[in-house]
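Below: one structure, written as structure tokens.
Keep in mind that the numbers below use all heavy atoms, side chains included, and drop hydrogens, waters and symmetry copies.
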There are 2 protein chains.
Amino acid sequence: MDVTIYEVAKRAGVSIATVSRALRGTGPVAARTREKVLKAVEELNFTPSRLGVSLAEGRHAANGIVFPDLAGPYYTEVLLGYEEVASELGRSVVILSTKGRTKVGDLVKDLAGRVDGMLIFGHTVPEPLVAELVRLGVRLVFVSREPLAGADTLRSENTASARALAGHLAGHGYERFAFLGAPLTSQDDVDQRWQGVREVLGGAIEAVDTRHYTVECGYDAALTLLRGEGRPEAIVCSDDEVALGALLAAEELGLDVPGDVAVTGWDDIMAARHARPALTTVRQPMRELGARAARALDELITGARDTPRHLVLTTELMIRSSCGGHPAAT
Amino acid sequence: MDVTIYEVAKRAGVSIATVSRALRGTGPVAARTREKVLKAVEELNFTPSRLGVSLAEGRHAANGIVFPDLAGPYYTEVLLGYEEVASELGRSVVILSTKGRTKVGDLVKDLAGRVDGMLIFGHTVPEPLVAELVRLGVRLVFVSREPLAGADTLRSENTASARALAGHLAGHGYERFAFLGAPLTSQDDVDQRWQGVREVLGGAIEAVDTRHYTVECGYDAALTLLRGEGRPEAIVCSDDEVALGALLAAEELGLDVPGDVAVTGWDDIMAARHARPALTTVRQPMRELGARAARALDELITGARDTPRHLVLTTELMIRSSCGGHPAAT
DNA sequence: TTGTATGCGTTATCAG
DNA sequence: CTGATAACGCATACAA
């Protein structure tokens, strides 16, 4: 990456303007001239400097994405959907993980200076900074967060799905429930799920903090829960990984699922279908969340749309065998 | 991101050179002058344009990473280790997934124009292009690949670990083995593992193609294998995910692990420890692979080192219960 | 159809 | 200590 447009121009015996035009087809160029240019480009192995192009075009042709971590399939899937569409649209993606990072603000601002817009997961970024970014005119799309002014938001439906799930479980005749999830910070996905099941189950369900959304944390919390007094008949988990942990805990204790205790997850990650018993869960279109975010960002950046949009994608209740009742196909 | 250094200079009543110096401490600036500049910067909320800085500095302060996919913990872990250290070194990371992508060459070249160097997994990029990148002077570090000239390579030890694993299994008295892995393309990690176990087990082990390194593929392949004639006594899997699939297949068929058939994995992903039975596997320092790659790249880029280095990280045999014999702690 | 000149936002050199 | 000014690499109005 050393040869510049000037060298190409000199070798082809034309001006840099002509080289530029010939390469990007942005203006009239005589067929013969084009050939000369192309030949020179070939011989010199010229590739326009991204920096030069971006500076002149006034755009980065890159999207950012900030996530807390990449543990588990959820963030990964969204990321892949995002990257795929971004790439399709000719945009690179620059990542930023905030896990264990101090000075997130500086990192996010730096990122903002490298991209034309970015996807931010939930409440990964402190609210004041979000406000500042909006004020600075950074194109933003939030995934898994409540709507806010000045940015797109995108999420999967939670409350109604949670109600449906709870209703299904109640239909099996269970009467003592537990909700296993990380700290229920307001406004995020998990909180909405909790609210949903609670609306249906009321006092029959109690929440248990798992600290994190991991198999390990789910396992630990479930172990304690299942060993204690008044073991619940059904455990509704905040996501599939926590649920997989619960499944392991049950097995560890020699409890049959769903015979002794029913377990449900959320997301429908690949492992959910393969778990024993197969996990009843709520399928959320993770990949699509990322893909849509990339498209939305593109609209915002190109100016195809200038008013924020708030979208909620629908989910699907996947009844499998871990919740008991009528056994279903996997 | 609209205010430029000129506006700051004007407001502070100084030249842009002084602003630049005041901000980066790259030259003498009177205390009083500095104050004025800082005040103007504050009031205008000025942040130097990344593009301008990069163009002038002649560096992107960014690293690239190209991977085939992000399915499973392996790539994700390496990526996280990479991003963490890169961030520590003040470098962003821009990603590129090649899965299902046509024109990988163009994408990789574009990426090369956006970063100061990049990490490439195994043989994700066609060899001719690798050669071209090397020729162009792009700083490269390959992870999980055999050494090549002009670039760093980094991998975990495979052959000896595989021999140790095979030896351990042989010590349990098994006599019929199967190796479950994706197509054994030459030179990559899995191939080395296969060679290793083969050296020890010889004709007693046969290879089975799983197409991909996923739980699903492992499950399918193991199901066929375990249903067939001459069921193996031990299945050595190319990685933990395939092994988890094998575990599920065994359970599906009502076979006890390790009673009826032993199963081993590779990588020691989190799920390996939580699997029932806990998976005997070879721990590979995935996170460190990424971290080291970032450091190596930094050395190459800053010029702290100019001759390629080829590193092999050591692994650790994790004997757990899925391989039979003496039961061990998890 | 082609060339000239300017802008894009910094950094850094070299005179004052 | 400070200020012009030349890079850096390209795109693009505007002229010719």
- prompt: Is the backbone N or O of R101(A) less than 3.5 Å from a side-chain atom of T98(A), with the two atoms forming a donor-acceptor pair by type?
  reply: no
message: Rounded to whole Å, how long is the line connecting atom CD1 of I5(A) with atom C1' of dC8(D)?
response: 14 Å
query: Counting N and O atoms only, with roles assigned by atom type, does the side chain of H60(B) sit under 3.5 Å from a partner on the main chain of R114(B), one being a donor and the other an acceptor?
result: yes
message: What is the separation between atom CG on L44(B) and atom P on dG9(C), rounded to the nearest whole Å?
response: 14 Å
- prompt: Can you check whether S15(B)'s main-chain N or O pairs, donor with acceptor, with Y6(B)'s side chain at less than 3.5 Å?
  reply: no
Those residues that, when tested against E42(B), pass salt bridge (Lys or Arg N to Asp or Glu O under 4.0 Å) (two or more places apart): none
Other residues, nucleotides, ligands: >12 heavy atoms within 6.0 Å of K10(B) NZ: no
statement: Here the distance between atom P of dG9(D) and atom NE2 of H60(B), to the nearest Å, is 10 Å
query: Within a strict 4.5 Å, meaning less than it, do heavy atoms of the S20(B) and I5(B) side chains meet?
result: yes
- request: Could you state the atom-to-atom distance from CG of L51(B) to P of dC8(C) in whole Å?
  value: 13 Å
- request: Map A56(B) and Y6(B) onto DNA chain D by nearest heavy atom, then report which one ends up closer to the 5' terminus.
  value: Y6(B)
task: Specify the separation, in whole Å, of atom CG of L55(B) and atom P of dT10(C).
output: 11 Å
field: Carboxylate-amine/guanidinium contact E43(A) K39(A), below 4.0 Å
entry: yes
query: Could you walk me through whether D152(B) and R305(B) pass the salt bridge (charged side-chain N to carboxylate O under 4.0 Å, His left out) check?
result: CA-CA 11 Å; D152(B) 271 31; R305(B) 176 165 59 80; 2.7 Å; yes
task: Return the residues of residues 15-22 of chain B meeting this criterion: a heavy atom under 4.0 Å from some atom of DNA chain D. Order them by number, or give none.
output: S15(B), I16(B), A17(B), T18(B), R21(B)
message: So, taking the atom named CZ in R309(B) and the one named CG in L300(B), what distance separates them when rounded to the nearest 0.5 Å?
response: 9.0 Å
- prompt: How many Å lie between CZ on R59(A) and C1' on dT12(D), as a whole number?
  reply: 16 Å
statement: Per the under-4.0 Å heavy-atom filter, residues of residues 23-41 of chain B near DNA chain D come out as P28(B), V29(B), A30(B), T33(B)
- line: Separation of dA11(D) atom P from E57(A) atom CD, nearest Å, is 7 Å
